[in-house]
2 protein chains.
Amino acid sequence: MVTETSSRPTATTRRRILDAASREFADWGFAGARVDEIALRAGVNKALLYYHVGNKEALYASVLARNFDRVEGALADAMAGGGSAHDRLSAVIAAINEILRKHPDHPRIMLHEFASAGGNLEPEVLERMLTVLGAVAGILAYGVRYGEFRSTDPVMTHLTLIGASLVLNAIAPLRHRAAEISPEIRFPDDADVAGFLADLLLHGIASPRTGETT
Amino acid sequence: MVTETSSRPTATTRRRILDAASREFADWGFAGARVDEIALRAGVNKALLYYHVGNKEALYASVLARNFDRVEGALADAMAGGGSAHDRLSAVIAAINEILRKHPDHPRIMLHEFASAGGNLEPEVLERMLTVLGAVAGILAYGVRYGEFRSTDPVMTHLTLIGASLVLNAIAPLRHRAAEISPEIRFPDDADVAGFLADLLLHGIASPRTGETT
DNA sequence: GTCTATATACCGATAGAC
DNA sequence: GTCTATCGGTATATAGAC
């Protein structure tokens, strides 16, 4: 319908730019990332990149928005299923870690942000982080009410869960490098992260009354 | 004894440079940090900074070396005390988190490094990280042997402990910012981190036979 | 929508006076 | 040991042709 003069891979171009930017921001953080390098990685001209996404800050915001869209989508699916608090928390941990493993740029960017005290984080992103916190805290309270979980600080518990998930998923390449230095140590597989964390944390917050064994 | 022509705060100058560099690297990561800004923060001339520390990479290595000196010192003290595996792991968690809380630049820099897949990490630093891993893994094995702990993957357990400690200590300013957005949520105090983590993880790896309550 | 060329500012690092 | 001044390179961002 629209009278276009030239080629049309508009949506594709923007996606390619976001993919390349995501990787570059993960590699170097916001301040260390280079727009030239992003354009090079995306295979698009730098001026075209500016035409599509505005500037470096807007590009960063777009990458983060897409990442949180994915997390919230996976989280909504996990929250849809019912079951015990144990089952619900397991599902959330599995969903989060699956997304982080499939899109390793996300945990890496968030780690840069946590390190920088969220200096490049817009209030909107901060609110979306609090949404995730609210979901986990809800399950925790639910588990405490029905005697499945003992009472722990929900913010600390959530941050431990998120922090460990972020680090374990972001660190995969470093684990492989460490494995070369110390061949006698058995470094576990990336796919085991969710199962391990669910097991450890669920045991950690289990009510003393319940004698669980997974 | 030495015939000096001018002022003498040599050691102090170097320390001031390292302190300023530590903060700047924590704020922006290695790639994002600015040497001009470090000199400004340290209150020394940029040329003098180069005279003292060489270049940006050497400066970064010096900061990391000093940070790991502190961690290993605290760790050695914690390992000196005997007691049950439970007591030993508690002591290690307390020691690590006390250092991270007293020197918040360290967890922030390490988070940048983890995010960057250790791209700026010299092999020497990687080995020092493995030293800490070895200490924790030793306590874990000790606890399993004498029936205090159930058997968990030592690398995963260690990375969970370290990852959570890093994030919880690095994130303090962000927690305060989040507390302003959501006043209804009670964000815990920074000093509670070690106690919380020890409680959660010790419950998480406790042997099913032992019915512990802290 | 896509490119080349460039403005403008900044960064890491050094020369050389004192 | 400490400074001023500056080089050479690179960064973000834009103007303007097609």
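Here is the naming used below: chain letters follow the sequence lines, and residue numbers restart at 1 for every chain. Values in this document were obtained by computation on a predicted structure and should not be read as measured data.
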Going by side chain to side chain donor-acceptor pair (under 3.5 Å), name the pairs with one or both residues in residues 117-127 of chain B, residues two or more places apart or in two chains. B/Glu113-B/Asn120
Residues at least two apart in sequence or cross-chain that pass side chain to side chain contact (heavy atoms under 4.5 Å, CB included) with B/Ser182, listed by chain then number, are A/Leu130, B/Glu184, B/Ile185
Non-neighbouring partners of B/Asp77 that pass side chain to side chain donor-acceptor pair (under 3.5 Å), sequence neighbours left out: none
What one-letter contact string describes nucleotides 4-18 of chain D from 5' to 3', where B marks a base within less than 4.0 Å of any protein heavy atom, S marks contact via sugar-phosphate atoms alone, and - marks no contact? B------SBBBB---
Rounded to whole Å, please give me the gap between CH2 in B/Trp28 and P in C/dG12. 13 Å
If you look only at distance, which donor and acceptor atoms sit under 3.5 Å apart when one is on a side chain in residues 187-195 of chain B and the other is two or more places apart or in another chain?
| residue | atom | partner | partner atom | Å |
| --- | --- | --- | --- | --- |
| B/Asp189 | OD2 | B/Ala191 | N | 3.3 |
| B/Asp190 | OD1 | B/Arg175 | NH2 | 2.7 |

Distance, rounded to the nearest Å, where B/Leu48 contributes CG and D/dG1 contributes P: 9 Å
Between P of C/dC10 and CG of B/Leu40, the distance in whole Å: 14 Å
Pairs of donor and acceptor atoms involving the side chains of residues 91-101 of chain A, under 3.5 Å and at least two apart or interchain, shall be tabulated with distances.
| residue | atom | partner | partner atom | Å |
| --- | --- | --- | --- | --- |
| A/Asn97 | OD1 | A/Asn169 | ND2 | 2.9 |
| A/Asn97 | ND2 | A/Ile93 | O | 2.9 |
| A/Asn97 | ND2 | A/Ser165 | OG | 3.2 |

